[in-house]
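As a basis for the values below, the full set of heavy atoms in this structure was taken, side chains included, without hydrogen atoms, waters or symmetry mates.
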Amino acid sequence: MTLRRSMLFLPGSNAAMLSTAFVFEADSFMFDLEDAVSLREKDTARLLVYHALKMPAYAKREKVVRINPLSTPFGRLDLEAVVRAGVDVVRLPKTDTAEDVADLETEVERIERACGREVGSTRLMAAIESASGVVNALAIAKASPRIMGIALAGFDYVMDMQTQRGDGTELFYARCAVLHAARAARVDAFDVVFGDVNDEAGFLKEVDLIKRLGFTGKSLINPRQIELLHNAFAPAQEEVDYARRVVAAAAQAEEKGLGVVSLNGKMVDAPVIAMAERVLQRAAASGVRQ
């Protein structure tokens, strides 16, 4: 089971952070060449990220790079560098349409062929940051077999909607639309960054919401949020115990040739069994909630 609970943003221009962040236990590392980098630092950041991607310390971690939009002078330069450096996933910001993904895929394949990298080995993630992106989320999620996930980016989205971050009401429709698109396309769904790193209670409240909605994981901006997020996403002991009973009852029914599974006098159907198996897989991969 591939865990993608946490995706930690790392500013591409911060050499100290790039050279040490691998000590944190994030599931994925997001090297950012876009918003976290000033215009005068774009070229330097690209070079720093190129070398970070080749560091042995990151070899066993999923490496994602948020490039600049292809419509800017930096986007294709970013793409050339990171694909050649062996990035696992390219995150395209401000994805509004399926055509944006198609354009990115064309460029990635060209670079893969040019540098001898296996065609198709570079995965893509689309960041949805506008009303247009939300409306087109399903088409975006299905735009390429390279798409491994779609992410909602909150700040630009609320700006486009002419509102601001609040109690989550302003994001509810977008979260549901992006999540349904991801599930229909069978790809992962990532929630927005929670900006106040000192508000642990607020962070955990938001994590509880997106977990109950069904998100795969969340983008993070501070390593302090990693452990909190992972613990919140881990199944509780009582969930694990119940899942074990369900799986055991299903196995017993199969051994006896029974078409019906019963647990404590109640019928257990296929979706419940599938969910129990998923809980046990997650517990094996992430541990039990403390």
Side-chain angles (χ1 to χ4, degrees), residues 4-55 57-58 61-95 100-101 104 107-108 122-130 133 147-159 165 188-197 216-226 229:
R4 289 193 175 104
R5 303 158 295 180
S6 56
M7 188 168 291
L8 181 64
F9 272 85
L10 302 173
S13 55
N14 191 324
M17 188 173 289
L18 294 182
S19 63
T20 58
F22 56 80
V23 301
F24 301 116
E25 296 298 322
D27 293 329
S28 303
F29 289 91
M30 170 84 69
F31 303 100
D32 188 12
L33 293 174
E34 195 211 10
D35 286 346
V37 180
S38 68
L39 289 177
R40 60 189 176 86
E41 294 180 306
K42 292 292 187 184
D43 293 338
T44 301
R46 188 182 308 115
L47 184 61
L48 288 172
V49 168
Y50 175 85
H51 288 293
L53 290 169
K54 290 180 167 293
M55 289 176 62
Y58 286 110
R61 305 296 188 92
E62 183 171 63
K63 300 174 289 295
V64 184
V65 175
R66 179 166 74 170
I67 63 169
N68 287 279
L70 295 183
S71 58
T72 70
F74 313 107
R76 284 177 171 77
L77 294 174
D78 294 343
L79 204 55
E80 284 279 355
V82 302
V83 172
R84 290 174 182 274
V87 70
D88 297 312
V89 181
V90 173
R91 174 163 164 155
L92 181 67
K94 300 173 176 60
T95 311
D100 294 336
V101 177
L104 176 64
E107 291 297 315
V108 169
T122 310
R123 306 297 300 279
L124 307 179
M125 176 193 298
I128 293 176
E129 309 185 32
S130 67
I147 291 279
M148 49 69 69
I150 55 177
L152 179 62
F155 181 76
D156 286 279
Y157 171 73
V158 296
M159 289 288 289
R165 284 297 305 267
D188 289 335
F190 302 94
D191 189 48
V192 301
V193 161
F194 186 86
D196 188 351
V197 298
T216 308
K218 191 170 181 63
S219 301
L220 305 177
I221 57 171
N222 193 291
R224 287 160 46 194
Q225 297 172 322
I226 297 172
L229 176 65

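- Formation of a donor-acceptor pair under 3.5 Å by the Thr216 side chain with backbone atoms of Ala189 is found in this model.
- Counting heavy atoms from C-beta on, the side chains of Met125 and Met7 come closer than 4.5 Å.
- Each of Val37, Leu77, Asn68 was evaluated against Arg46; a single residue qualifies, Leu77, per the side-chain contact (heavy atoms from CB on, under 4.5 Å) test.
- Side-chain atoms of Tyr157 never come within 3.5 Å of backbone atoms of Gly133 as a donor-acceptor pair (strictly under, hydrogens ignored).
- Taking CZ of Arg61 as the start and CZ of Phe29 as the end, the distance is 4.5 Å to the nearest 0.5 Å.
- Residues Gln225 and Lys218 have side chains not in contact (no heavy-atom distance under 4.5 Å, counting atoms from C-beta outward).
- A donor-acceptor pair under 3.5 Å is formed between the side chain of Lys63 and the backbone N or O of Tyr58.
- Put simply, the side chain of Pro93 reaches to within 4.5 Å of the side chain of Ile67, judged on heavy atoms.
- In this structure, Met159 places its CE atom where only 12 or fewer heavy-atom neighbours from other residues, nucleotides or ligands lie under 6.0 Å away.
- The two residues Ala52 and Leu18 come nearest to each other via the heavy atoms CB-CB, 4.3 Å.
- Side-chain atoms of Arg66 never come within 3.5 Å of backbone atoms of Met30 as a donor-acceptor pair (strictly under, hydrogens ignored).
- Between Leu220 and Ile226 the shortest side-chain heavy-atom distance falls below 4.5 Å.
- Pairing each heavy atom of Ala85 with each of Leu53, the nearest pair is CB-CD1, 3.7 Å.
- No option in Asp191, Asp88, Asp188, Asp27 other than Asp188 meets the salt bridge (Lys or Arg N to Asp or Glu O under 4.0 Å) test with Arg4.
- Here CD1 of Ile128 is found 10.5 Å from CG of Leu92. Values are rounded to the nearest 0.5 Å.
- Using a 3.5 Å distance cut-off with no hydrogens or angles, the side chains of Thr44 and Glu41 do not pair a donor with an acceptor.
- One finds the CD1 atom of Ile150 at 10.0 Å from the CZ atom of Phe190 (value rounded to the nearest 0.5 Å).
- Of the inter-residue distances, the one linking Ile147 atom CD1 with Leu104 atom CG reads 7.5 Å to the nearest 0.5 angstrom.
- Every residue two or more places apart in sequence or in another chain was checked for a side chain to side chain donor-acceptor pair (under 3.5 Å) with Thr72, and none qualifies.
- With respect to Leu10, the side-chain contact (heavy atoms from CB on, under 4.5 Å) criterion is satisfied by exactly one of Phe24, Phe31, Phe22: Phe31.
- Taking CZ of Phe9 as the start and CG of Asp35 as the end, the distance is 8.5 Å to the nearest 0.5 Å.
- Residues Thr95 and Glu129 are not in side-chain contact: their nearest non-hydrogen atoms beyond the backbone lie 4.5 Å or more apart.
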Yes or no on side chain to side chain contact (heavy atoms under 4.5 Å, CB included) for Leu70 and Leu79, after CA distance, side-chain angles and deciding distance?
CA-CA 9 Å; Leu70 295 183; Leu79 204 55; 4.2 Å; yes

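- To the nearest 0.5 Å, atom CG of residue Leu33 and atom CZ of residue Arg91 are 12.5 Å apart.
- A cation-pi contact links Lys42 to Phe74, judged by a cut-off of 6.0 Å to the six-membered ring centre and 45° from its axis.
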